[in-house]
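Beneath this line is the structure, given in structure tokens, with notes to follow.
All ligand and atom numbering here is 1-based and tracks the order in the structure.
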Amino acid sequence: MIDEKLEEVYADVLRRNPGEPEFHQAVREVLESLGVVVSKHPEFARQKIIQRICEPERQIIFRVPWQADDGEVHINRGFRVEFNSALGPYKGGLRFHPSVYLGTVKFLGFEQTFKNALTNLPIGGGKGGSDFDPKGRSDDEVMRFCQSLMTELYRHLGEYTDVPAGDIGVGTREIGWLFGQYKRITNRYESGVLTGKGTDWGGALVRKEATGYGAAFFLEEMLTANGTALDDRTCVVSGSGNVAIYAIEKITQLGGRVVACSDSDGVVFDPAGIDIGLLKQVKEVERQRLTEYAEARPGATHQAGGSIWDVPCQVAVPCATQNELSGRDARMLVSNGCIAVAEGANMPCTPEALRVFTSAGVLFAPGKAANAGGVATSALEMQQNASRDRWTFEHTETRLAQIMKGIHAACFETAEEYGAQGDYVKGANIAAFQRVAQAMVAFGLV
Ligand code: NDP
Ligand code: 2IT
């Protein structure tokens with residue numbers, strides 16, 4: 001429920017941003033947490049901080065022309081939404097997926113602003129991407145696309161201005177082509193302008209693993225704080241991309257047993273526990289589909305279509321995409337005995353799913369807290385670039401674990417302070433909002 005003091009703010013968001021349901025959903029979830037904060041801090045209302053936080057500082061939309069290997073010309077649309085720079089330069093990934101439109105990038109940029117605040121590192125919020133579909137495209141095609149996108153985007157970026165990274169469809173390979181073009185156009189080796197770089201050319205160790213590892217660390221903290229543990233529990237992780245692979249790896253290292261993962265074609269069920277080496281070989285090295293995993297792994301089965309959330313588990317970790325876990329899926333998980341959910345993806349659970357988990361008493365870690373380890377390690381990459389230094393894997397992973405502990409504590413304690421013990425959604429939203437809002441107040445009306 002949105003507090004009546006904020007109803008008008010939300011109505012305005014709906015009116016000013018028509019046709020963007022994911023953005024409405026992300027804003028609504030945050031506003032539902034903030035009633036208690038505006039009651040305590042009338043200065044935020046007077047200065048219209050919430051209205052300002054819901055309005056991106058800048059939105060850039062541009063044409064991206066490129067040529068396919070067969071000579072055909074293609075036109076895609078590029079986006080960068082520079083949402084909020086109260087706490088630092090705009091920071092957030094680029095997504096290449098055919099479903100991307102302005103509403104996707106705005107919901108992600110809004111979420112990013114709060115997530116980045118939770119890390120307690122100096123980064124503002126932004127997001128970008130394109131409706132370009134990399135599936136089935138050759139390396140040369142993806143490279144030409146990245147070069148064309150950067151030929152426009154570079155003028156909006158800078159290590160003190162806006163610092164993109166990867167997201168769906170964008171990994172180290174694409175960051176390399178984007179960085180190469182940025183460097184060529186600007187004639188500057190400005191390492192801090194992009195994160196998720198290759199570790200031979202300015203990338204931080206652990207950045208690749210960080211989102212998934214961080215989600216596993218957060219999950220472990222949440223279970224411990226609530227008197228339980230991973231302890232050989234059956235886990236299901238959706239997706240099989242960057243976040244999913246490293247969530248599976250760390251959950252397994254911490255004692256969980258991950259028995260299923262997925263891609264957009266179907267679900268792999270592997271009762272002996274996912275073989276992480278094989279998964280990396282199939283997805284990272286060969287860039288193949290999960291059917292290849294099932295073929296190579298005795299005892300594993302592949303089911304085309306269907307919902308991964310029908311696989312019985314005690315811990316669910318959605319790591320694919322927004323609204324991938326519905327109310328129906330949540331009811332299925334609850335009836336199968338699921339006790340905890342940690343969002344590795346951004347907004348993977350629908351509002352109905354969230355209500356089902358809350359009323360069933362399932363521990364729930366929202367994405368802006370649980371998946372913040374990726375962007376936090378991006379901030380550590382920026383720190384290493386700025387000091388022209390290079391940290392070891394162990395040192396960086398220790399920093400990541402500490403940051404995740406800090407985020408967990410902020411969510412847990414803030415929920416308690418506002419009378420919502422155990423409600424990590426409220427805790428995350430309020431703690432993050434307060435950090436951004438206080439900086440905005442300090443800067444005056446800008
Ligand atoms: P990848 O592109 O590496 O992997 C995405 C995975 O999700 C793939 O298995 C893909 O399957 C599946 N997927 C994507 N879109 C859909 C869809 N519409 N329907 C079904 N399956 C889908 O992306 P990441 O792992 O980087 O990102 C996953 C999620 O994590 C996203 O929500 C992203 O915003 C979030 N995130 C990412 C961070 C990062 O550092 N990369 C940081 C924090 C959050 P297929 O290959 O078949 O498309
Ligand atoms: O959603 C996210 O936090 C990311 N895609 C990572 C952003 C980043 O700048 O590392």
Side-chain angles (χ1 to χ4, degrees), residues 22 88-100 104-105 107-116 118-119 121 123-129 133-136 162-175 192-197 203-204 206-215 218 237-248 261-268 279 282-284 287-291 293 304-305 307-308 317-325 343-349 366-382:
E22 298 84 0
Y90 309 108
K91 181 83 196 85
L94 296 170
R95 177 177 294 191
F96 293 171
H97 193 273
S99 64
V100 168
T104 322
V105 183
F107 112 68
L108 289 164
F110 181 80
E111 288 277 295
Q112 197 81 48
T113 300
F114 293 84
K115 181 196 305 191
N116 294 4
L118 283 176
T119 67
L121 294 164
I123 40 180
K127 202 85 188 189
D133 186 357
K135 275 210 188 83
D162 186 349
V163 182
D167 193 80
I168 291 176
V170 178
T172 306
R173 182 183 71 159
E174 290 72 21
I175 295 294
V193 75
L194 288 166
T195 61
K197 298 181 294 292
V206 191
R207 174 62 192 87
K208 181 176 68 174
E209 295 83 356
T211 310
Y213 277 20
F218 193 97
V237 176
S238 66
S240 49
N242 175 259
V243 180
I245 290 171
Y246 292 96
I248 295 171
C261 64
S262 60
D263 59 22
S264 55
D265 299 333
V267 179
V268 155
L279 184 65
V282 170
K283 298 309 280 194
E284 291 187 333
R287 293 179 171 269
Q288 278 302 330
R289 311 300 299 163
L290 274 180
T291 40
Y293 176 97
S307 171
I308 188 171
V317 188
C319 295
T321 195
Q322 65 272 9
N323 292 326
E324 56 159 309
L325 196 163
E343 293 188 321
N346 286 306
M347 208 168 77
C349 297
K368 57 172 80 70
N371 73 37
V375 76
T377 308
S378 279
L380 301 182
E381 183 168 323
M382 292 162 74

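Residues Ile245 and Val237 form no side-chain contact, since every pair of their non-hydrogen atoms from C-beta on lies 4.5 Å or further apart. Counting heavy atoms from C-beta on, the side chains of Met382 and Pro89 come closer than 4.5 Å. Residues Asn371 and Val243 are not in side-chain contact: their nearest non-hydrogen atoms beyond the backbone lie 4.5 Å or more apart. Side-chain contact between Leu279 and Tyr293 is present, with at least one heavy-atom pair separated by less than 4.5 Å. Counting heavy atoms from C-beta on, the side chains of Ile175 and Val170 come closer than 4.5 Å. Side-chain contact between Arg173 and Arg287 is present, with heavy atoms from C-beta onward closer than 4.5 Å. The shortest side-chain heavy-atom distance between Arg289 and Lys283 falls under the 4.5 Å cut-off.
Under the ring-ring contact (aromatic ring centres under 6.0 Å, His included) criterion, Phe114 pairs with Phe110, sequence neighbours left out.
Proximity to Ser378 (heavy-atom distance under 4.0 Å) selects the following atoms of ligand 2: 8 (C), 9 (O), 10 (O). Of all the atoms in ligand 2, the ones that sit under 4.0 Å from a non-hydrogen atom of Ala165 are 8 (C), 9 (O), 10 (O). Close approach of ligand 2 to Gln112 (heavy-atom distance below 4.0 Å) involves ligand atoms 1 (O), 2 (C), 3 (O), 7 (C). Under a 4.0 Å criterion applied to the non-hydrogen atoms of Lys127, ligand 2 contributes the atoms 1 (O), 2 (C), 4 (C), 5 (N). Counting atoms of ligand 2 from 1 in the listed order, those under 4.0 Å from a heavy atom of Gly166 are 4 (C), 5 (N), 6 (C). The Lys115 neighbourhood of ligand 2 comprises atoms 1 (O), 2 (C), 3 (O), with distances under 4.0 Å to a heavy atom of that residue. Per-residue contacts place Gly92 under 4.0 angstrom from the following atoms of ligand 2 (heavy atoms of the residue considered): 7 (C), 9 (O).
Under 4.0 Å from ligand 2, the heavy atoms of Asn346 that appear belong solely to its side chain. Contact annotation: for Arg207 versus ligand 2, heavy atoms closer than 4.0 Å belong to the side chain alone.
Screening Asp167, Asn346, Thr104 for a side-chain hydrogen bond (donor to acceptor under 3.5 Å, both in side chains) with Arg95, the sole residue that qualifies is Asp167.
Considering backbone and side-chain atoms together, Asn371 places no N or O closer than 3.5 Å to any N or O of ligand 2. Annotation: Pro164 places no N or O atom under 3.5 Å from an N or O atom of ligand 2; distance criterion only.
Here the CD1-OG distance, from Ile248 to Ser240, works out to 7.5 Å after rounding to the nearest 0.5 Å.
From the protein, the heavy atom lying nearest to atom 7 (C) of ligand 2 is Gly93 N, 3.5 Å. Nearest non-hydrogen protein atom to atom 9 (O) of ligand 2 is Lys91 NZ, 2.6 Å.
For Val105 against Lys127, the heavy-atom pair with the smallest separation is CG1-O, 3.2 Å. Glu324 approaches Ser238 most closely through the heavy-atom pair OE1-OG, 2.7 Å.
Taking a heavy-atom cut-off of under 4.0 Å, ligand 1 is surrounded by Arg95, His97, Lys115, Lys135, Asp167, Ile168, Gly169, Arg207, Thr211, Gly239, Ser240, Gly241, Asn242, Val243, Ser262, Asp263, Ser264, Arg289, Cys319, Ala320, Thr321, Gly344, Ala345, Asn346, Asn371.
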